[in-house]
Amino acid sequence: MYAQGLIGADGRTDETPEFLAAFKARIDAEEKIEPKDAMPEGYRRTLIRQIGQHAHSEIVGMLPEGNWITRAPSLKRKAALLAKVQDEGGHGLYLYAAAETLGVSREEMTEELLDGRAKYSSIFNYPTLTWADIGTIGWLVDGAAIMNQIPLCRCSFGPYARAMIRVCKEESFHQRQGYEIMLTLCRGTQAQKDMAQDALNRWWWPSLMMFGPHDADSTHSDQSMAWKIKRFSNDELRQKFIDATVPQAEFLGLTVPDPECKWNEAKGGYDHGPIDWDEFWRVVKGGGVMNRERIAARKKAWDDGAWVREAALVHAEKRKARKAAMAAE
Amino acid sequence: MINETPLWEVFIRQRNGLSHRHVGSLHAADEALALSAARDVYTRRGEGGSIWVVPSSAITASDPDHTDEFFDPAEDKIYRHPTFYDIPDDVGHM
(Lines give C-alpha, C1' and ligand atoms only; values in the text may rest on other atoms or scores of the structure.)
Protein backbone atom coordinates (compact mmCIF):
# COMPACT_ATOMS: atom_id res chain seq x y z
CA MET A 1 0.00 0.00 0.00
CA TYR A 2 1.09 3.53 -0.40
CA ALA A 3 0.90 7.01 1.00
CA GLN A 4 -1.22 9.52 -0.83
CA GLY A 5 0.46 12.32 -2.76
CA LEU A 6 3.17 13.83 -0.61
CA ILE A 7 1.90 16.17 2.07
CA GLY A 8 3.91 19.04 3.46
CA ALA A 9 7.16 18.50 1.58
CA ASP A 10 9.58 21.37 1.48
CA GLY A 11 11.73 21.14 -1.64
CA ARG A 12 13.53 24.46 -1.05
CA THR A 13 17.24 24.22 -1.39
CA ASP A 14 20.08 26.74 -1.34
CA GLU A 15 23.05 25.27 -3.19
CA THR A 16 24.97 27.20 -5.87
CA PRO A 17 23.41 27.33 -9.36
CA GLU A 18 26.39 25.35 -10.71
CA PHE A 19 25.88 22.53 -8.22
CA LEU A 20 22.14 22.40 -8.91
CA ALA A 21 22.72 22.44 -12.67
CA ALA A 22 25.21 19.56 -12.43
CA PHE A 23 22.78 17.59 -10.28
CA LYS A 24 19.92 18.32 -12.69
CA ALA A 25 22.08 17.09 -15.57
CA ARG A 26 22.62 13.76 -13.80
CA ILE A 27 18.88 13.46 -13.18
CA ASP A 28 18.06 14.37 -16.79
CA ALA A 29 20.49 11.71 -17.99
CA GLU A 30 18.46 9.18 -15.93
CA GLU A 31 21.42 8.50 -13.66
CA LYS A 32 20.38 7.04 -10.32
CA ILE A 33 21.39 8.97 -7.23
CA GLU A 34 22.90 6.79 -4.49
CA PRO A 35 22.98 7.59 -0.76
CA LYS A 36 26.53 8.90 -0.47
CA ASP A 37 26.35 11.02 -3.64
CA ALA A 38 26.26 14.79 -3.34
CA MET A 39 22.63 15.95 -3.55
CA PRO A 40 20.71 19.15 -2.90
CA GLU A 41 19.41 19.45 0.65
CA GLY A 42 15.86 19.89 -0.68
CA TYR A 43 16.12 16.61 -2.61
CA ARG A 44 17.29 14.83 0.53
CA ARG A 45 14.56 16.38 2.70
CA THR A 46 11.81 15.67 0.19
CA LEU A 47 12.86 12.02 -0.04
CA ILE A 48 13.17 11.55 3.71
CA ARG A 49 9.69 12.96 4.08
CA GLN A 50 8.16 10.98 1.23
CA ILE A 51 9.82 7.64 2.01
CA GLY A 52 9.08 8.13 5.71
CA GLN A 53 5.39 8.83 5.00
CA HIS A 54 5.32 5.84 2.72
CA ALA A 55 6.88 3.57 5.37
CA HIS A 56 4.52 4.84 8.07
CA SER A 57 1.58 4.15 5.75
CA GLU A 58 2.63 0.54 5.33
CA ILE A 59 2.90 0.07 9.09
CA VAL A 60 -0.29 1.92 10.02
CA GLY A 61 -1.96 0.14 7.10
CA MET A 62 -1.52 -3.14 8.97
CA LEU A 63 -4.05 -2.00 11.57
CA PRO A 64 -7.35 -1.78 9.63
CA GLU A 65 -6.74 -5.22 8.10
CA GLY A 66 -5.28 -6.74 11.24
CA ASN A 67 -8.66 -5.91 12.73
CA TRP A 68 -10.19 -8.74 10.64
CA ILE A 69 -7.60 -11.51 10.93
CA THR A 70 -9.38 -13.27 13.78
CA ARG A 71 -12.74 -12.88 12.05
CA ALA A 72 -11.85 -13.93 8.51
CA PRO A 73 -14.63 -16.20 7.22
CA SER A 74 -12.43 -19.21 6.35
CA LEU A 75 -8.98 -20.62 6.99
CA LYS A 76 -7.98 -19.81 3.41
CA ARG A 77 -8.98 -16.16 3.80
CA LYS A 78 -7.32 -15.97 7.19
CA ALA A 79 -4.02 -17.36 5.91
CA ALA A 80 -4.09 -14.98 2.94
CA LEU A 81 -4.90 -11.96 5.12
CA LEU A 82 -2.15 -12.85 7.58
CA ALA A 83 0.34 -13.12 4.71
CA LYS A 84 -0.84 -9.80 3.30
CA VAL A 85 -0.54 -7.97 6.61
CA GLN A 86 2.91 -9.49 7.10
CA ASP A 87 3.87 -8.20 3.64
CA GLU A 88 2.77 -4.70 4.64
CA GLY A 89 5.09 -4.91 7.63
CA GLY A 90 7.90 -6.03 5.31
CA HIS A 91 7.17 -3.14 2.92
CA GLY A 92 7.41 -0.73 5.82
CA LEU A 93 10.80 -2.17 6.74
CA TYR A 94 12.22 -1.96 3.19
CA LEU A 95 11.13 1.65 3.11
CA TYR A 96 12.47 2.63 6.53
CA ALA A 97 15.80 1.11 5.48
CA ALA A 98 15.75 3.16 2.24
CA ALA A 99 15.02 6.36 4.20
CA GLU A 100 17.80 5.61 6.68
CA THR A 101 20.38 5.69 3.89
CA LEU A 102 19.65 9.45 3.76
CA GLY A 103 20.85 9.98 7.31
CA VAL A 104 17.68 9.74 9.39
CA SER A 105 17.32 7.04 12.06
CA ARG A 106 14.45 4.62 12.48
CA GLU A 107 13.94 5.94 16.00
CA GLU A 108 13.64 9.54 14.75
CA MET A 109 11.12 8.54 12.11
CA THR A 110 9.08 6.58 14.64
CA GLU A 111 9.05 9.52 17.04
CA GLU A 112 7.87 11.83 14.27
CA LEU A 113 5.02 9.47 13.48
CA LEU A 114 3.98 9.14 17.10
CA ASP A 115 4.06 12.86 17.88
CA GLY A 116 2.20 13.77 14.68
CA ARG A 117 4.98 15.54 12.80
CA ALA A 118 5.08 12.82 10.15
CA LYS A 119 1.96 11.89 8.18
CA TYR A 120 0.75 8.59 6.83
CA SER A 121 -1.85 7.86 4.19
CA SER A 122 -5.22 9.21 5.29
CA ILE A 123 -6.99 6.20 3.86
CA PHE A 124 -6.13 4.31 7.05
CA ASN A 125 -8.11 6.74 9.17
CA TYR A 126 -11.30 5.13 7.89
CA PRO A 127 -12.70 2.16 9.83
CA THR A 128 -13.05 -1.40 8.47
CA LEU A 129 -16.66 -2.13 9.39
CA THR A 130 -17.40 -5.37 7.53
CA TRP A 131 -15.57 -8.25 5.85
CA ALA A 132 -16.34 -6.60 2.49
CA ASP A 133 -14.06 -3.73 3.59
CA ILE A 134 -11.13 -6.16 3.50
CA GLY A 135 -11.99 -7.10 -0.07
CA THR A 136 -12.41 -3.45 -1.02
CA ILE A 137 -9.11 -2.42 0.56
CA GLY A 138 -7.22 -5.07 -1.38
CA TRP A 139 -8.99 -4.17 -4.60
CA LEU A 140 -9.08 -0.35 -4.38
CA VAL A 141 -6.49 0.74 -1.84
CA ASP A 142 -3.82 -1.70 -3.00
CA GLY A 143 -4.94 -1.04 -6.58
CA ALA A 144 -4.36 2.70 -6.10
CA ALA A 145 -1.07 1.90 -4.40
CA ILE A 146 0.09 -0.10 -7.43
CA MET A 147 -0.73 2.85 -9.74
CA ASN A 148 1.38 5.06 -7.50
CA GLN A 149 4.21 2.65 -6.94
CA ILE A 150 4.93 1.37 -10.44
CA PRO A 151 6.34 4.75 -11.56
CA LEU A 152 8.27 4.94 -8.28
CA CYS A 153 10.27 1.89 -9.40
CA ARG A 154 11.94 4.40 -11.77
CA CYS A 155 12.47 7.04 -9.09
CA SER A 156 15.84 8.81 -9.36
CA PHE A 157 16.91 7.76 -5.86
CA GLY A 158 18.36 4.25 -6.08
CA PRO A 159 17.39 2.76 -2.69
CA TYR A 160 13.79 3.98 -3.00
CA ALA A 161 13.49 2.61 -6.54
CA ARG A 162 14.92 -0.76 -5.48
CA ALA A 163 12.57 -0.99 -2.49
CA MET A 164 9.64 -0.22 -4.80
CA ILE A 165 10.58 -3.01 -7.18
CA ARG A 166 10.37 -5.50 -4.30
CA VAL A 167 7.10 -3.98 -3.07
CA CYS A 168 5.47 -4.02 -6.51
CA LYS A 169 6.32 -7.70 -7.00
CA GLU A 170 4.39 -8.52 -3.84
CA GLU A 171 1.55 -6.05 -4.28
CA SER A 172 -0.21 -7.85 -7.10
CA PHE A 173 -1.21 -10.70 -4.76
CA HIS A 174 -2.78 -8.14 -2.44
CA GLN A 175 -5.01 -6.67 -5.11
CA ARG A 176 -6.02 -10.02 -6.54
CA GLN A 177 -6.93 -11.50 -3.15
CA GLY A 178 -9.07 -8.41 -2.48
CA TYR A 179 -10.86 -8.60 -5.80
CA GLU A 180 -11.46 -12.31 -5.30
CA ILE A 181 -13.13 -11.57 -1.95
CA MET A 182 -15.39 -9.06 -3.74
CA LEU A 183 -16.14 -11.55 -6.50
CA THR A 184 -17.16 -14.18 -3.97
CA LEU A 185 -19.43 -11.75 -2.14
CA CYS A 186 -20.99 -10.49 -5.36
CA ARG A 187 -21.81 -14.05 -6.45
CA GLY A 188 -23.33 -14.77 -3.05
CA THR A 189 -26.62 -13.81 -1.42
CA GLN A 190 -28.30 -10.42 -1.84
CA ALA A 191 -27.12 -9.51 1.68
CA GLN A 192 -23.52 -10.28 0.71
CA LYS A 193 -23.83 -8.26 -2.48
CA ASP A 194 -25.31 -5.34 -0.52
CA MET A 195 -22.38 -5.56 1.87
CA ALA A 196 -19.96 -5.37 -1.07
CA GLN A 197 -21.78 -2.34 -2.53
CA ASP A 198 -21.80 -0.62 0.87
CA ALA A 199 -18.05 -1.10 1.23
CA LEU A 200 -17.46 0.26 -2.28
CA ASN A 201 -19.65 3.28 -1.43
CA ARG A 202 -17.53 4.08 1.61
CA TRP A 203 -14.08 3.43 0.10
CA TRP A 204 -14.44 4.84 -3.42
CA TRP A 205 -13.90 8.53 -2.68
CA PRO A 206 -11.16 8.05 -0.07
CA SER A 207 -9.36 5.83 -2.63
CA LEU A 208 -9.49 8.63 -5.22
CA MET A 209 -8.13 11.02 -2.58
CA MET A 210 -5.09 8.73 -2.12
CA PHE A 211 -3.55 10.31 -5.22
CA GLY A 212 -3.41 13.66 -3.46
CA PRO A 213 -4.73 17.12 -4.35
CA HIS A 214 -5.45 18.17 -7.95
CA ASP A 215 -2.38 19.16 -9.93
CA ALA A 216 -3.34 22.86 -9.77
CA ASP A 217 -3.29 22.71 -5.94
CA SER A 218 -0.34 20.40 -5.49
CA THR A 219 2.35 22.81 -4.34
CA HIS A 220 5.47 20.68 -4.40
CA SER A 221 4.76 18.46 -7.37
CA ASP A 222 6.77 20.43 -9.93
CA GLN A 223 10.04 20.12 -8.03
CA SER A 224 9.45 16.38 -7.42
CA MET A 225 8.78 15.88 -11.12
CA ALA A 226 11.93 17.83 -12.09
CA TRP A 227 13.96 15.67 -9.71
CA LYS A 228 12.27 12.55 -11.14
CA ILE A 229 11.13 11.45 -7.72
CA LYS A 230 7.67 11.58 -9.23
CA ARG A 231 6.98 10.58 -12.84
CA PHE A 232 3.27 11.30 -13.24
CA SER A 233 1.06 14.00 -11.76
CA ASN A 234 -1.59 13.25 -9.12
CA ASP A 235 -4.43 13.76 -11.61
CA GLU A 236 -2.80 11.58 -14.27
CA LEU A 237 -2.45 8.69 -11.82
CA ARG A 238 -5.98 9.19 -10.50
CA GLN A 239 -7.35 9.07 -14.05
CA LYS A 240 -5.45 5.84 -14.77
CA PHE A 241 -6.86 4.33 -11.60
CA ILE A 242 -10.45 5.29 -12.42
CA ASP A 243 -10.14 3.99 -15.98
CA ALA A 244 -8.82 0.66 -14.72
CA THR A 245 -11.26 0.30 -11.83
CA VAL A 246 -14.69 1.28 -13.17
CA PRO A 247 -14.86 -1.72 -15.55
CA GLN A 248 -13.79 -3.99 -12.67
CA ALA A 249 -16.72 -2.67 -10.62
CA GLU A 250 -19.05 -3.31 -13.54
CA PHE A 251 -17.79 -6.88 -13.80
CA LEU A 252 -18.71 -7.35 -10.13
CA GLY A 253 -22.15 -5.88 -10.81
CA LEU A 254 -21.42 -2.97 -8.47
CA THR A 255 -21.80 0.75 -9.12
CA VAL A 256 -19.26 3.37 -8.13
CA PRO A 257 -20.97 5.98 -5.93
CA ASP A 258 -20.55 8.84 -8.39
CA PRO A 259 -23.51 9.79 -10.60
CA GLU A 260 -21.17 11.86 -12.78
CA CYS A 261 -18.88 8.94 -13.48
CA LYS A 262 -19.25 8.17 -17.17
CA TRP A 263 -17.14 7.23 -20.15
CA ASN A 264 -15.88 10.20 -22.14
CA GLU A 265 -15.16 9.01 -25.67
CA ALA A 266 -13.30 12.21 -26.59
CA LYS A 267 -10.70 11.90 -23.85
CA GLY A 268 -10.68 8.11 -23.88
CA GLY A 269 -11.30 7.93 -20.14
CA TYR A 270 -13.97 8.28 -17.49
CA ASP A 271 -15.15 11.65 -16.17
CA HIS A 272 -15.75 11.91 -12.46
CA GLY A 273 -17.63 14.18 -10.10
CA PRO A 274 -16.04 16.66 -7.69
CA ILE A 275 -13.89 15.25 -4.88
CA ASP A 276 -14.64 16.54 -1.39
CA TRP A 277 -11.26 18.07 -0.54
CA ASP A 278 -12.61 19.53 2.68
CA GLU A 279 -13.09 15.99 3.92
CA PHE A 280 -9.60 15.06 2.71
CA TRP A 281 -7.93 17.87 4.66
CA ARG A 282 -10.12 17.30 7.70
CA VAL A 283 -8.99 13.66 7.84
CA VAL A 284 -5.32 14.50 7.11
CA LYS A 285 -5.38 17.01 9.96
CA GLY A 286 -6.65 14.45 12.44
CA GLY A 287 -10.45 14.65 12.07
CA GLY A 288 -10.97 11.14 10.67
CA VAL A 289 -12.85 8.47 12.58
CA MET A 290 -9.74 6.44 13.35
CA ASN A 291 -6.84 8.96 13.56
CA ARG A 292 -6.55 8.84 17.32
CA GLU A 293 -6.93 5.10 17.56
CA ARG A 294 -4.31 4.44 14.86
CA ILE A 295 -1.64 6.53 16.56
CA ALA A 296 -2.61 5.20 19.98
CA ALA A 297 -2.13 1.64 18.66
CA ARG A 298 1.29 2.49 17.21
CA LYS A 299 2.30 4.22 20.43
CA LYS A 300 1.21 1.23 22.50
CA ALA A 301 3.19 -1.15 20.26
CA TRP A 302 6.27 1.08 20.52
CA ASP A 303 6.01 1.50 24.29
CA ASP A 304 5.14 -2.14 24.98
CA GLY A 305 8.08 -3.24 22.83
CA ALA A 306 10.60 -1.01 24.64
CA TRP A 307 11.67 -3.71 27.10
CA VAL A 308 12.11 -6.22 24.29
CA ARG A 309 14.43 -3.90 22.36
CA GLU A 310 16.31 -3.13 25.54
CA ALA A 311 16.61 -6.77 26.60
CA ALA A 312 17.80 -7.84 23.15
CA LEU A 313 20.58 -5.23 23.24
CA VAL A 314 21.64 -6.19 26.76
CA HIS A 315 21.60 -9.87 25.82
CA ALA A 316 23.75 -9.14 22.74
CA GLU A 317 26.26 -7.27 24.91
CA LYS A 318 26.36 -10.13 27.40
CA ARG A 319 27.00 -12.70 24.67
CA LYS A 320 29.71 -10.54 23.17
CA ALA A 321 31.42 -10.23 26.57
CA ARG A 322 31.15 -13.98 27.17
CA LYS A 323 32.68 -14.70 23.75
CA ALA A 324 35.52 -12.28 24.45
CA ALA A 325 36.16 -13.87 27.85
CA MET A 326 36.25 -17.35 26.30
CA ALA A 327 38.65 -16.20 23.60
CA ALA A 328 40.93 -14.68 26.24
CA GLU A 329 41.16 -17.92 28.20
CA MET B 1 20.72 8.16 20.57
CA ILE B 2 22.72 5.57 22.49
CA ASN B 3 20.22 2.75 22.46
CA GLU B 4 19.78 2.42 18.72
CA THR B 5 19.55 -1.16 17.55
CA PRO B 6 22.52 -1.85 15.20
CA LEU B 7 22.09 -1.82 11.43
CA TRP B 8 22.94 -4.89 9.31
CA GLU B 9 23.33 -5.30 5.56
CA VAL B 10 21.65 -8.36 4.12
CA PHE B 11 23.05 -10.46 1.23
CA ILE B 12 21.09 -13.33 -0.26
CA ARG B 13 22.05 -16.13 -2.60
CA GLN B 14 19.03 -17.27 -4.51
CA ARG B 15 20.47 -20.69 -5.20
CA ASN B 16 23.82 -22.44 -5.37
CA GLY B 17 25.88 -21.37 -8.34
CA LEU B 18 24.99 -17.70 -7.96
CA SER B 19 26.74 -15.15 -5.76
CA HIS B 20 25.23 -13.48 -2.71
CA ARG B 21 23.66 -10.14 -3.63
CA HIS B 22 22.90 -7.17 -1.45
CA VAL B 23 19.13 -6.92 -0.95
CA GLY B 24 18.78 -4.28 1.75
CA SER B 25 19.33 -3.68 5.42
CA LEU B 26 17.62 -4.13 8.77
CA HIS B 27 18.04 -3.49 12.48
CA ALA B 28 18.77 -6.26 14.96
CA ALA B 29 20.44 -6.53 18.35
CA ASP B 30 22.77 -9.39 17.37
CA GLU B 31 23.71 -11.69 14.51
CA ALA B 32 21.20 -14.42 15.39
CA LEU B 33 18.29 -11.98 15.46
CA ALA B 34 19.61 -10.33 12.29
CA LEU B 35 19.55 -13.67 10.48
CA SER B 36 16.01 -14.57 11.47
CA ALA B 37 14.78 -11.03 10.71
CA ALA B 38 16.50 -11.21 7.30
CA ARG B 39 14.70 -14.47 6.59
CA ASP B 40 11.33 -12.95 7.52
CA VAL B 41 11.83 -9.63 5.75
CA TYR B 42 13.67 -10.66 2.59
CA THR B 43 12.77 -14.29 1.82
CA ARG B 44 9.00 -14.64 2.26
CA ARG B 45 8.63 -16.12 -1.22
CA GLY B 46 11.57 -18.44 -1.57
CA GLU B 47 13.97 -15.72 -2.72
CA GLY B 48 16.92 -17.31 -1.04
CA GLY B 49 18.78 -20.44 0.00
CA SER B 50 21.58 -18.69 1.86
CA ILE B 51 21.77 -15.43 3.79
CA TRP B 52 24.74 -13.34 4.95
CA VAL B 53 24.26 -10.54 7.45
CA VAL B 54 27.07 -8.06 7.96
CA PRO B 55 27.17 -5.19 10.46
CA SER B 56 26.84 -2.02 8.35
CA SER B 57 29.58 -0.47 10.46
CA ALA B 58 32.00 -3.15 9.19
CA ILE B 59 31.74 -2.00 5.58
CA THR B 60 34.38 0.31 4.14
CA ALA B 61 33.26 2.04 0.97
CA SER B 62 34.97 4.07 -1.73
CA ASP B 63 34.22 7.78 -1.65
CA PRO B 64 31.71 8.84 -4.33
CA ASP B 65 33.21 12.34 -4.32
CA HIS B 66 36.50 10.89 -5.55
CA THR B 67 35.10 8.31 -7.95
CA ASP B 68 36.89 9.76 -10.99
CA GLU B 69 40.38 9.83 -9.46
CA PHE B 70 39.93 6.54 -7.69
CA PHE B 71 38.99 4.59 -10.78
CA ASP B 72 41.22 6.62 -13.10
CA PRO B 73 43.99 3.96 -13.38
CA ALA B 74 41.55 1.65 -15.17
CA GLU B 75 40.37 4.26 -17.66
CA ASP B 76 43.30 4.64 -20.05
CA LYS B 77 44.55 1.07 -20.33
CA ILE B 78 42.83 0.05 -23.51
CA TYR B 79 45.47 -2.65 -24.00
CA ARG B 80 43.69 -4.61 -21.26
CA HIS B 81 40.86 -5.30 -23.69
CA PRO B 82 40.98 -8.05 -26.30
CA THR B 83 39.89 -5.71 -29.11
CA PHE B 84 43.17 -3.76 -28.71
CA TYR B 85 45.05 -6.51 -30.55
CA ASP B 86 44.87 -6.97 -34.32
CA ILE B 87 44.59 -10.58 -35.40
CA PRO B 88 44.06 -11.33 -39.11
CA ASP B 89 40.60 -12.71 -39.96
CA ASP B 90 42.27 -15.75 -41.52
CA VAL B 91 43.30 -16.95 -38.09
CA GLY B 92 39.66 -17.57 -37.31
CA HIS B 93 37.86 -16.94 -34.05
CA MET B 94 40.12 -16.25 -31.12
Side-chain angles (χ1 to χ4, degrees), chain A residues 26 31-39 82-101 104-111 158-160 162-167 169-170 172-173 305-323, chain B residues 1-15 18-49 51-72 75:
Chain A
R26 289 190 65 190
E31 263 184 59
K32 292 286 183 209
I33 307 302
E34 294 295 340
K36 296 266 160 41
D37 292 354
M39 62 182 84
L82 258 175
K84 177 181 191 298
V85 173
Q86 193 192 9
D87 274 354
E88 305 299 359
H91 296 176
L93 295 183
Y94 309 151
L95 286 161
Y96 281 129
E100 286 180 88
T101 65
V104 62
S105 75
R106 175 82 57 86
E107 283 80 356
E108 285 171 84
M109 283 187 280
T110 305
E111 279 164 15
Y160 194 22
R162 292 192 286 274
M164 278 302 102
I165 290 168
R166 294 187 61 87
V167 168
K169 275 187 195 163
E170 299 180 353
S172 169
F173 136 59
W307 74 268
V308 180
R309 294 190 295 276
E310 211 175 296
L313 282 174
V314 172
H315 179 68
E317 277 305 313
K318 230 193 241 173
R319 280 190 43 202
K320 214 192 276 170
R322 204 180 297 150
K323 233 180 175 175
Chain B
M1 271 167 90
I2 312 152
N3 277 333
E4 280 180 14
T5 307
L7 190 64
W8 301 75
E9 300 302 321
V10 181
F11 299 81
I12 290 178
R13 181 172 65 202
Q14 206 181 359
R15 56 173 191 275
L18 300 174
S19 48
H20 285 76
R21 282 185 60 179
H22 184 244
V23 293
S25 49
L26 53 80
H27 288 275
D30 62 24
E31 63 278 9
L33 290 170
L35 261 186
S36 62
R39 178 201 56 199
D40 293 346
V41 176
Y42 291 106
T43 65
R44 285 194 302 284
R45 289 174 176 78
E47 292 93 334
I51 302 177
W52 291 347
V53 288
V54 180
S56 305
S57 58
I59 290 179
T60 308
S62 61
D63 181 351
D65 290 339
H66 297 109
T67 300
D68 289 348
E69 307 92 283
F70 191 73
F71 292 101
D72 183 51
E75 279 297 303

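A salt bridge between Lys318(A) and Asp30(B) is absent, with no side-chain N of the basic residue lying under 4.0 Å from a carboxylate O of the acidic one.
Contact check for Arg106(A) versus Thr5(B): no side-chain heavy atoms found under the 4.5 Å cut-off. Contact check for Ser105(A) versus Glu4(B): side-chain heavy atoms found under the 4.5 Å cut-off. Using a 4.5 Å heavy-atom threshold, the side chains of Leu95(A) and Tyr160(A) count as touching.
Your options are His27(B), Glu31(B), Arg44(B), and the one with the most heavy-atom pairs under 4.5 Å with chain A is Arg44(B). Between chain B and the options Asp87(A), Val314(A), Leu93(A), heavy-atom pairs under 4.5 Å are most frequent for Asp87(A). Top candidate by heavy-atom pairs under 4.5 Å with chain B, chosen from Gln86(A), Arg309(A), His315(A), is Gln86(A).
Ring geometry, Phe11(B) versus Trp52(B): the interplanar angle falls from 30° to 60°, so the pair is classed tilted.
Within the 4.5 angstrom heavy-atom criterion, no atom of Glu317(A) approaches chain B. Within the 4.5 angstrom heavy-atom criterion, no atom of Arg162(A) approaches chain B.
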